[in-house]
Every structure is written in structure tokens, then in C-alpha cells.
Amino acid sequence: VANLKGTIKLDGVQLGLVGEIIKLFKQKGSRPMAMNFLRASEEHLKQHCIDLKDHPFFPGLVKYMNSGLIMVMVGEGLNVVKTGRVMLGETNPGDSKRGTIRGDFCIQVGRNSTHGSDSVKSADKEISLWFKPEELVDYKSCAHDWVYE
Ligand code: IDP
Ligand code: MG
């Protein structure tokens, strides 16, 4: 069982995908622990994307992510980081299968609607970047015993 930090990017919010994406994660058994809508500062987004800082698209990515509302969420479930990445599809929506979020809802790489942590380590780092510990609510889902054996 591990945590996922997921972000619905500006285009995902603008295209009205927030409810759909929450639904898909809930459907696959992930237990929501925290969610927030916000406009993130460029500084905060640079921290979030720090591993990409040497790529030519980095300034554009940060500027675009800073230009409006995003939604960040944390969910918990068995292998949820790995499963979450499968649910997102490939980085480039053009390479993503139908049935994935990017495959079904997106067209271009710079407008792929969602971010998902790529490892438990980066999820932990990203969770602490976006949420205070007391904002993560731990509880037992009533579906738990029917989803897990
Ligand atoms: P990921 O989101 O699938 O983990 P990363 O390689 O971590 O992919 O890149 C982060 C984000 O940067 C991508 O989701 C995409 O929005 C953007 N990005 C990646 N490669 C390109 C590119 O070649 N052009 C424009 N944007 C890109
Ligand atoms: Mg990534």
C-alpha cells in the first residue's frame, strides 16, 4: 500500500475532467486522503518539476501550470503509484492506449491533463511539497474489506 500524489493540470481543470479523473481513481479502489484546488506559484511548480529543469520545455511547462487553477490530490491503495501511471497512459497522449486518461481525453504532450508520481519516493516528496501532514486524513474506507482479500 502506497500513496499517490496526482495533479490535475490546468487543461484538465479547464476541460472539466476533474470529476471524471477522481471517479476513475475511486473506481480503481484508491482511497482519497486529501484534495486541493489552487493556483500554484512559479516557484512552487519549479520545485515540483525540478527533475525536468534542464529540458527546453521546462520554462513553458512552469509558466503554463502557473497560469490558472490546478487540482492536487493524494490517494492511497495497493500499488497505487504504479497503477496510477498505467491509468494515466504514456507521457505523450499520441502513444497512450484508449482506456487511459491521456489516451481518452488528450492530444498533445504539453497538454496531457494530469501528473502522476513516478515512484513511491517521488510521491512522498511531492506529497510533502503540496500538503501539510495534518491535511492528510487517515481513515478506513467502508469498501476496504470488499476490495482487499
Ligand atoms: P510524465 O508526466 O509522464 O511523468 P515527464 O517526463 O515527467 O512525463 O514530463 C513531465 C511533463 O512535462 C509531461 O507530463 C508533459 O506535460 C511535459 N513534457 C514532457 N515532454 C515534453 C515535450 O517534449 N514537450 C512539451 N512538454 C513535455
Ligand atoms: Mg514525471
Side-chain angles (χ1 to χ4, degrees), residues 1-138 141 147:
V1 180
N3 288 322
L4 164 81
K5 208 310 260 89
T7 311
I8 302 180
K9 298 179 184 176
L10 182 86
D11 45 331
V13 174
Q14 284 285 355
L15 295 172
L17 299 178
V18 171
E20 186 66 28
I21 293 169
I22 295 172
K23 186 185 126 205
L24 290 171
F25 277 96
K26 187 71 196 66
Q27 211 166 279
K28 188 65 186 169
S30 134
R31 178 177 61 113
M33 293 183 79
M35 285 180 197
N36 193 18
F37 279 98
L38 72 160
R39 181 169 181 193
S41 68
E42 284 202 25
E43 214 34 63
H44 205 125
L45 290 162
K46 279 182 190 160
Q47 283 304 311
H48 175 77
C49 303
I50 195 78
D51 294 346
L52 301 166
K53 68 174 172 13
D54 296 328
H55 288 276
F57 59 81
F58 180 76
L61 177 66
V62 170
K63 197 160 181 242
Y64 146 72
M65 287 287 286
N66 159 256
S67 67
L69 189 65
I70 61 166
M71 190 272 212
V72 289
M73 62 181 179
V74 180
E76 193 219 39
L78 181 66
N79 294 329
V80 74
V81 169
K82 192 169 165 232
T83 309
R85 293 288 297 194
V86 174
M87 288 166 66
L88 292 194
E90 303 301 320
T91 303
N92 188 340
D95 299 329
S96 302
K97 292 199 172 77
R98 286 298 314 273
T100 65
I101 291 167
R102 290 167 175 173
D104 281 357
F105 300 123
C106 314
I107 296 170
Q108 285 194 299
V109 68
R111 298 288 183 272
N112 60 7
S113 79
T114 35
H115 165 82
S117 308
D118 58 13
S119 67
V120 173
K121 196 169 159 227
S122 55
D124 288 341
K125 208 173 89 192
E126 291 168 5
I127 288 167
S128 62
L129 187 65
W130 293 100
F131 294 95
K132 298 182 195 129
E134 63 269 26
E135 289 172 330
L136 302 172
V137 183
D138 204 8
S141 161
V147 174

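Worth saying up front: this structure is predicted, and the values here are computed from it rather than measured. As the structure lists them, so they are numbered: ligands from 1, and atoms in each ligand from 1. Numbers here are sequence positions counted from 1. Reckoned from all heavy atoms, side chains included, excluding hydrogens, waters and symmetry mates.
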Could you work out, with salt bridge (Lys or Arg N to Asp or Glu O under 4.0 Å) as the rule, every residue matching [X], not counting sequence neighbours?
X      : answer
Asp118 : none
Asp51  : none
Arg111 : none

Original post:
Do Asp11 side-chain atoms and Ser113 backbone N/O form a donor-acceptor pair below 3.5 Å?
Top reply: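 A pair under 3.5 Å: yes.
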Original post:
Is the backbone of Glu76 close enough, under 3.5 Å, to the side chain of Arg31 for a donor and an acceptor to pair up by distance?
Top reply: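 Flag not set: sc Arg31 to bb Glu76 has no pair under 3.5 Å.
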Subject >> Residues, nucleotides or ligands: over 12 heavy atoms within 6.0 Å of Ile50 CD1 >> reply: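 Yes.
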Original post:
Using a threshold of 4.0 angstrom between heavy atoms of the protein and any atom of ligand 1, which residues qualify?
Top reply: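 Ligand 1 pocket, heavy atoms under 4.0 Å: Lys9, Leu52, Phe57, Leu61, Arg85, Thr91, Arg102, Val109, Gly110, Asn112.
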